[in-house]
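Below is one structure; the comments refer to it alone.
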Amino acid sequence: MELVSVIMPAYNCDKYIADAIRSVLAQTYSNWELLIVDDCSTDQTAQIIASFDDPRIRYERNAHNMGAALTRNKALRAAQGRYIAFLDADDAWTPEKLEHQIAFMQDNGYDFTYTAFRRTDKPLHISGPRHISRMGMYAFCWPACPTVIYNREKTGLIQISDLRKNNDYAMWLHVIQKADCHLLDEELFLYNKHAGSVSDAKISVLLKWHYRLWRQEMHCAPIAALFYTFVNAVFGFYKKIRYVSKTA
């Protein structure tokens with residue numbers, strides 16, 4: 001059973017992080033390490049993490065606030081597992097998440113996968129293309145961060161620039177250079193949308209963040225960055241039509 005490193009940046013998430021940690025502890029796949037990097041929380045986050053007594057949980061606190069991108073980088077440098085998984089501190093997995101997804105990867109020889117997920121605040125099933133090539137990932141950020149697992153032996157160490165937003169997309173754009181991405185169409189992640197989430201931002205703000213991603217992280221020329229920003233907007237609408245459906 002291969003070791004899975006679960007990356008969890010944390011910042012002022014004392015309302016949710018206990019449930020996130022419990023969802024990892026409840027996994028039917030037991031060979032994991034949970035790397036929690038606290039980005040200088042000022043609430044009760046640290047105390048809640050300390051209440052969990054499991055040697056597989058590794059906790060570190062930043063010396064100063066670094067932001068989500070650099071905090072994930074730090075956790076990735078410390079990761080020891082062959083497989084890298086991600087879970088945000090305000091989200092939760094189903095108990096079979098790691099077991100089913102690792103089996104899916106090993107049975108098919110995949111090195112980069114994501115899963116479908118369910119929104120718990122609305123009855124919605126959200127998935128995506130079954131196979132994502134390099135150009136498919138350039139077209140849109142299909143995987144939700146907590147659904148992704150990739151094989152670090154294939155991709156090497158992934159490190160991204162200090163992006164305020166879209167830092168998960170930046171990671172996938174690097175991973176896709178080494179391996180295509182494949183969908184396991186099972187709801188293995190439960191997403192509860194909170195007020196103030198990225199998806200609540202105005203379209204103009206979202207477009208600005210996408211443009212910065214292509215310019216800063218991918219070093220695209222301005223015209224290419226504008227092109228990919230436009231393509232992302234188009235496929236964002238397409239995803240809502242094609243891959244978001246109501247459930248009972």
Side-chain angles (χ1 to χ4, degrees), residues 1-9 20 23-24 27-37 56 58 68-89 91-94 96-117 126-161 163 166-189 191 213 217-218 239 243:
M1 184 180 286
E2 297 284 355
L3 178 64
V4 179
S5 295
V6 182
I7 307 300
M8 182 184 290
S23 79
V24 179
Q27 290 299 300
T28 55
Y29 187 101
S30 61
N31 193 22
W32 50 262
E33 59 173 2
L34 174 58
L35 289 81
I36 306 175
V37 181
R56 295 171 295 179
R58 298 166 56 192
L70 298 185
T71 298
R72 279 201 184 100
N73 282 352
K74 185 176 182 178
L76 286 167
R77 291 194 298 270
Q80 299 176 356
R82 175 178 180 179
Y83 293 105
I84 303 293
F86 300 86
L87 181 60
D88 293 335
D91 291 318
W93 287 338
T94 64
E96 304 82 11
K97 201 270 186 186
L98 292 180
E99 180 184 0
H100 286 194
Q101 195 166 357
I102 295 298
F104 176 66
M105 296 175 74
Q106 293 178 339
D107 290 347
N108 294 283
Y110 296 152
D111 293 307
F112 182 16
T113 64
Y114 73 118
T115 76
F117 65 95
I126 302 173
S127 61
R130 291 193 173 274
H131 172 238
I132 306 172
S133 64
R134 178 173 173 270
M135 290 311 299
M137 192 68 77
Y138 275 48
F140 190 69
C141 180
W142 302 102
C145 188
T147 71
V148 167
I149 297 180
Y150 66 78
N151 181 351
R152 188 177 61 164
E153 292 185 359
K154 176 71 173 182
T155 66
L157 175 64
I158 300 298
Q159 298 282 272
I160 61 173
S161 60
L163 291 167
N166 286 331
N167 42 79
D168 55 343
Y169 193 9
M171 288 190 294
W172 315 153
L173 290 171
H174 288 292
V175 177
I176 202 70
Q177 310 298 325
K178 303 292 182 66
D180 284 3
C181 188
H182 300 270
L183 170 72
L184 173 58
D185 197 8
E186 296 181 24
E187 294 178 346
L188 301 178
F189 158 53
Y191 172 53
L213 166 72
E217 185 67 32
M218 303 306 291
K239 178 180 179 177
Y243 294 114

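All values below were derived from every heavy atom in this structure, side-chain atoms included, with hydrogens, water molecules and symmetry-related copies excluded.
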Item to check | For A20, all residues meeting side chain to side chain contact (heavy atoms under 4.5 Å, CB included), sequence neighbours excluded | outcome: M8, L87
Next on the checklist: When you measure from the side chain of E187 to the backbone of A116, do you find a donor-acceptor pair of N or O atoms at a distance under 3.5 Å?
Outcome noted: no
Checklist entry - With side chains defined as the heavy atoms from C-beta onward, is the minimum distance between F86 and P146 less than 4.5 Å? => result no
Checklist outcome for this item: Note: T155 and K178 closest approach over all heavy atoms is O-NZ, 3.3 Å
Next on the checklist: Tell me if a side-chain donor or acceptor on Q159 pairs with a main-chain N or O of K74 at a distance below 3.5 Å.
Outcome noted: no
Checklist entry - Is it true that a side-chain atom of Y169 and a backbone atom of M137 form a donor plus acceptor pair closer than 3.5 Å? => result yes
Checklist outcome for this item: When rounded to the nearest 0.5 Å, the distance separating CG of L34 from CD1 of I7 is 8.5 Å
Next on the checklist: For the OH atom of Y110 and the CG atom of D180, what is their distance to the nearest 0.5 Å?
Outcome noted: 10.0 Å
Checklist outcome for this item: In this structure, CZ of F112 is separated from CD1 of I176 (nearest 0.5 Å) by 5.0 Å
Item to check | Nearest non-hydrogen partners of S161 and A69, listed with the distance | outcome: O-CB, 3.5 Å
Item to check | Derivation and outcome, side-chain contact (heavy atoms from CB on, under 4.5 Å), residues R58 and I36 | outcome: CA-CA 6 Å; R58 298 166 56 192; I36 306 175; over 6 Å; no
Checklist entry - Only one of I149, V148, L184, T94 clears side-chain contact (heavy atoms from CB on, under 4.5 Å) with T115; which? => result L184
Item to check | Steps toward side-chain contact (heavy atoms from CB on, under 4.5 Å) verdict (R134, Y138) | outcome: CA-CA 6 Å; R134 178 173 173 270; Y138 275 48; 3.4 Å; yes
Checklist entry - To the nearest 0.5 Å, how far apart are CG in L35 and OG1 in T71? => result 12.5 Å
Item to check | Between Q80 and S5, a side-chain donor and acceptor under 3.5 Å | outcome: no
Checklist entry - How many angstroms lie between CG in D168 and OG1 in T147, if you round to the nearest 0.5 Å? => result 9.5 Å
Checklist entry - With a cut-off of under 6.0 Å to the ring centre and 45° to the axis, is R152 in cation-pi contact with Y150? => result no
Item to check | Closest heavy-atom pair and its distance - P129, Y114 | outcome: O-OH, 2.6 Å
Item to check | Test log, rule salt bridge (Lys or Arg N to Asp or Glu O under 4.0 Å), inputs D88 and R72 | outcome: CA-CA 10 Å; D88 293 335; R72 279 201 184 100; 3.0 Å; yes
Checklist entry - Are a donor atom and an acceptor atom from the side chains of H174 and E217 found within less than 3.5 Å of each other? => result yes
Next on the checklist: Ignoring hydrogens, what is the shortest heavy-atom contact between D111 and A179? Give both atom names and the distance.
Outcome noted: CB-CB, 3.9 Å
Checklist entry - Counting only N and O atoms by type, is there a donor-acceptor contact under 3.5 Å from the side chain of N166 to the main-chain atoms of L213? => result no
Item to check | Distance-minimising heavy-atom pair for Y29 and L98 | outcome: CB-CB, 3.7 Å
Next on the checklist: side-chain contact (heavy atoms from CB on, under 4.5 Å), that's the test. Do Y83 and Q106 meet it? Break it down for me.
Outcome noted: CA-CA 11 Å; Y83 293 105; Q106 293 178 339; 3.5 Å; yes
Next on the checklist: Using only atom types and a distance under 3.5 Å, with no angle test, would you say the side chain of E99 pairs donor to acceptor with the backbone of T28?
Outcome noted: no
Checklist entry - For I158 and L76, which heavy atoms make the closest approach, and how far apart are they? => result O-CD1, 3.3 Å
Checklist entry - Should R56 and E33 count as an ion pair when the cut-off is N to O under 4.0 Å? => result no
Checklist entry - Taking it one step at a time, do D185 and R130 satisfy side-chain contact (heavy atoms from CB on, under 4.5 Å)? => result CA-CA 8 Å; D185 197 8; R130 291 193 173 274; 3.9 Å; yes
Next on the checklist: Would you compute the distance between atom CH2 of W93 and atom CZ of F189 and round it to the nearest 0.5 angstrom?
Outcome noted: 10.0 Å
Item to check | Any V4 side-chain heavy atom under 4.5 Å of I102 side chain | outcome: yes
Next on the checklist: Given 3.5 Å as the limit, does a donor-acceptor pair link the side chain of W142 with the main chain of H131, or not?
Outcome noted: no
